[in-house]
Asks: 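Quick one: this structure, given as structure tokens, is what I'll be asking you about.
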Protein chains: 2
Amino acid sequence: MKSHQTTIIDIAKHLSISKSTVSRALTGHPSVKPETREAVLAVAQEMDYQRNMLSISLITNKTKTIGIIVPEFMTSFFPQVVVGAQEIAAQKGYNVLISQCNESYETEVANSRVMLANRVDGVLVSLSKETRNFDHWKTFHRKGIPIVFFNRVCEEMAVPKVVVDDYDAAFKAVEHLIQTGKKRIAHLAGPDSLAISRKRLNGYEDALRKYNFPVDEDLIISYDLTLSKVRIYIRHLLELENPPDGIFAINDPTAIEAIQVIKQHGLRIPEDIAVVGFSNNYASSFIEPSLTTISQPVKEIGRTAMGLLLDLMDKETALWKPIIKTLETELIVRNSTVKKIS
Amino acid sequence: MKSHQTTIIDIAKHLSISKSTVSRALTGHPSVKPETREAVLAVAQEMDYQRNMLSISLITNKTKTIGIIVPEFMTSFFPQVVVGAQEIAAQKGYNVLISQCNESYETEVANSRVMLANRVDGVLVSLSKETRNFDHWKTFHRKGIPIVFFNRVCEEMAVPKVVVDDYDAAFKAVEHLIQTGKKRIAHLAGPDSLAISRKRLNGYEDALRKYNFPVDEDLIISYDLTLSKVRIYIRHLLELENPPDGIFAINDPTAIEAIQVIKQHGLRIPEDIAVVGFSNNYASSFIEPSLTTISQPVKEIGRTAMGLLLDLMDKETALWKPIIKTLETELIVRNSTVKKIS
DNA sequence: CTGTTAGCGCCTTCAT
DNA sequence: ATGAAGGCGCTAACAG
């Protein structure tokens with residue numbers, strides 16, 4: 001199969017004029033006789049001509065393409081971020097090369113190489129849960145390709161980042177549980193590799209401390225976000241001699257799983273045990289009971305990150321500032337902590 | 001900002017040998033002295049060299065990139081299809097250029113031009129709800145760029161497609177409602193522009209006919225998939241003189257909205273009115289009551305579509321066969337039609 | 001085994 | 001206002 005895309009040469013031949021003139025006409029160069037221009041444009045349209053961005057990119061050393069690397073596409077979070085990012089990119093005439101790495105470090109590295117080989121003008125990155133080595137991203141920095149992290153950021157790189165205040169949000173979530181009268185609050189934490197896990201854990205601990213509650217290691221379970229394991233952990237927690245009466249989960253899918261398991265155990269939510277999630281996923285308002293959670297401005301994260309990235313690209317490498325934008329979160333109180341009279 | 005990506009010339013200079021030798025070493029050509037190759041490879045690694053795919057694409061007239069155009073990223077359906085498609089593409093060394101058009105025809109056309117300009121080797125397409133003109137896709141066909149439709153296919157183009165048997169699935173769904181004793185079954189249909197809407201509607205009608213139920217136009221509401229409108233339609237249906245006791249919704253988000261509204265009206269599900277959706281979205285098993293729906297093999301749709309596309313690309317244009325792959329669906333019975341004793 | 005040359009499609013000087 | 005020539009980074013064909 002050979003694709004016969006129309007080229008400038010085809011148009012030039014068709015009109016018996018030089019390629020340069022065609023090129024000028026197509027790019028809107030002023031020094032082209034109006035009738036020539038119109039003739040060229042007409043033929044171009046007729047022949048379905050599309051500029052070959054490859055050759056242009058080769059010349060300009062710019063592809064007008066931004067790479068976006070995210071860890072997964074299972075939950076609605078990352079697709080929504082991408083939508084926001086794409087929106088801003090499109091406004092500025094940029095395309096987007098998306099890849100999700102299934103939470104695999106190997107794949108993340110491989111995908112980053114693909115981005116490099118395809119000469120993206122910049123990258124938007126959220127790390128996989130396995131990523132502990134950042135050399136592949138440092139390479140971008142070294143090559144002068146701007147990089148902006150969001151959500152799952154790399155703390156040891158001084159580049160722009162878009163985050164929410166995970167510490168504060170977790171603090172609010174746990175404080176809310178305390179204020180509803182819960183005394184023993186467990187935390188299903190994320191993997192230690194992710195900064196967001198650590199920050200949310202800190203928020204959890206500090207909220208307990210503020211109210212003079214002990215930080216009980218038995219009630220803190222770090223896990224690798226493999227949802228199927230939630231069942232085991234919840235069961236374990238419920239069978240403790242002194243089981244928790246509240247759970248703060250690292251994210252909504254975890255919380256939703258937890259709710260399922262708790263219900264199967266015949267316990268009442270929130271009376272026996274209350275649950276709070278993080279991120280306000282699509283499903284969270286529908287489950288029974290509806291999930292109290294922290295909402296993040298998902299699309300806005302995408303928009304902000306892309307905005308920062310495009311700003312960066314206008315500037316000299318030396319002027320890149322590692323700005324950190326922190327977006328607002330909000331505690332959404334639903335039935336999994338406070339039963340509405342409804 | 002200038003990105004200083006290493007080139008073959010840099011390596012050649014560094015080693016004082018010719019570019020062609022470097023190129024050969026890098027591409028694994030056999031006729032290179034092993035020590036030369038190793039030297040090249042070592043320097044390449046050291047200098048973070050990545051082959052510039054742009055120039056290679058320019059020469060080979062292949063970009064090793066597949067475009068994927070989907071109508072939206074709000075529901076989990078399309079992101080999941082993309083995951084499946086990407087999986088197969090990656091296996092064969094292809095990248096993926098994704099764009100979602102927010103259900104806008106204009107954006108779909110614009111995005112298709114971007115794909116053309118970026119010389120994708122093929123495209124995977126699911127149409128926006130507004131698309132009624134297919135010229136932009138016919139252009140691909142004419143230029144010899146293979147195209148495979150999935151889910152929301154273009155019926156008037158003879159190209160490969162991946163679908164489920166929407167007619168049969170809708171039939172099963174409605175038959176199920178009938179078998180649970182429902183007598184007046186309404187259908188919240190999709191826009192007429194989409195073939196899937198029409199097929200599901202046909203399945204609905206034929207199921208009614210099979211059981212000698214009248215097809216009542218008052219109970220069929222076609223809408224444009226704007227979720228916020230569901231409230232109005234459901235309210236309208238419930239206030240009919242002779243309201244329905246069952247609803248078959250075009251998709252799960254619609255069904256979930258419907259359930260919310262019905263509950264707010266104080267009606268019992270499924271006793272007063274039963275609801276069936278379509279697609280088995282992530283949220284559907286969590287809502288209260290859980291949603292009876294048709295499950296589609298989402299990732300498999302993506303895998304199959306990408307598989308077909310890659311097959312196409314190995315063949316001469318003349319040999320392209322408009323294969324239509326129909327994947328299996330399954331009726332998932334949950335509490336919105338049959339209350340479990342639980 | 002290695003070096004030289006031409007050219008992919010386009011844009012950008014330079015020349016006319 | 002137009003044409004001709006050079007080059008972006010790389011590979012392939014053609015010499016040595």
Side-chain angles (χ1 to χ4, degrees), chain A residues 2-41 43-44 47-65 116-121 143-145, chain B residues 2-41 43-44 47-65 116-121 143-145:
Chain A
K2 222 196 115 215
S3 64
H4 13 252
Q5 294 259 36
T6 313
T7 72
I8 281 191
I9 300 185
D10 297 326
I11 300 178
K13 275 193 193 140
H14 194 97
L15 291 168
S16 310
I17 57 175
S18 78
K19 308 153 216 174
S20 6
T21 304
V22 175
S23 172
R24 280 190 275 254
L26 254 19
T27 50
H29 204 84
S31 64
V32 179
K33 213 195 298 179
E35 53 208 83
T36 313
R37 159 168 296 123
E38 279 175 34
V40 170
L41 258 35
V43 175
M47 299 177 83
D48 275 331
Y49 171 77
Q50 307 286 145
R51 295 165 83 197
N52 188 333
M53 293 310 293
L54 295 174
S55 22
I56 298 178
S57 297
L58 195 57
I59 295 171
T60 60
N61 200 26
K62 297 208 181 322
T63 51
K64 284 282 183 180
T65 301
L116 235 29
N118 282 284
R119 297 302 194 265
V120 292
D121 291 340
K143 294 196 179 214
I145 300 171
Chain B
K2 222 195 116 217
S3 63
H4 13 253
Q5 295 258 36
T6 313
T7 72
I8 282 192
I9 299 185
D10 298 327
I11 300 179
K13 274 194 193 140
H14 195 99
L15 291 168
S16 309
I17 58 176
S18 79
K19 307 154 215 172
S20 10
T21 303
V22 175
S23 172
R24 280 190 275 256
L26 253 19
T27 52
H29 204 83
S31 62
V32 179
K33 211 195 299 179
E35 52 208 83
T36 313
R37 158 168 297 121
E38 279 173 34
V40 169
L41 258 35
V43 175
M47 300 177 83
D48 275 332
Y49 171 77
Q50 305 288 144
R51 294 165 82 198
N52 187 334
M53 292 310 292
L54 295 173
S55 24
I56 298 179
S57 298
L58 196 57
I59 295 172
T60 60
N61 201 25
K62 298 209 181 325
T63 50
K64 285 285 186 178
T65 300
L116 235 29
N118 281 286
R119 297 299 194 266
V120 293
D121 292 339
K143 295 197 179 211
I145 300 170

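Residue numbers begin at 1 in each chain, while the letters A, B, ... track the order of the sequences.
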Asks: Taking B:Lys143 for its side chain and B:Leu116 for its backbone only, find out whether a donor-acceptor pair lies under 3.5 Å.
Replies: no
Asks: Find out whether A:Asn118 and A:Thr65 are in side-chain contact, i.e. whether some heavy atom of one side chain is under 4.5 Å from a heavy atom of the other.
Replies: no
Asks: Whole-Å distance between D:dT2 C1' and A:Leu26 CG?
Replies: 16 Å
Asks: Strictly distance-based, threshold 3.5 Å: is any side-chain N or O of B:Arg37 a donor or acceptor partner for the main-chain N or O of B:His29?
Replies: yes
Asks: My understanding is that only residues two or more places apart in sequence, or in another chain, count here; which of them pass side chain to side chain donor-acceptor pair (under 3.5 Å) with B:Ser57?
Replies: none
Asks: Does A:Arg24 contact D:dG3 through a side-chain donor or acceptor facing the base, at a distance under 3.5 Å?
Replies: yes
Asks: Expressed in angstrom and rounded to an integer, what is the separation of B:Leu58 atom CG from D:dG7 atom P?
Replies: 17 Å
Asks: Round to a whole Å and report the spacing from CD of B:Gln5 to C1' of D:dG9.
Replies: 12 Å
Asks: Assess whether one donor atom and one acceptor atom, taken from the side chain of A:Ser18 and the base of D:dA4, lie less than 3.5 Å apart.
Replies: no
Asks: Could you tell me, to 10°, how much the axis swings from one end of the helix from C:dC1-D:dG16 to C:dT16-D:dA1 to the other, five pairs per end?
Replies: 50°
Asks: When the distance from CD of A:Glu35 to P of D:dT2 is rounded to whole Å, what number comes out?
Replies: 8 Å
Asks: In whole angstrom, what separates B:Ile59's CD1 from C:dG9's P?
Replies: 11 Å
Asks: Could you give the NZ-to-P distance, from B:Lys143 to C:dG9, as a whole number of Å?
Replies: 13 Å
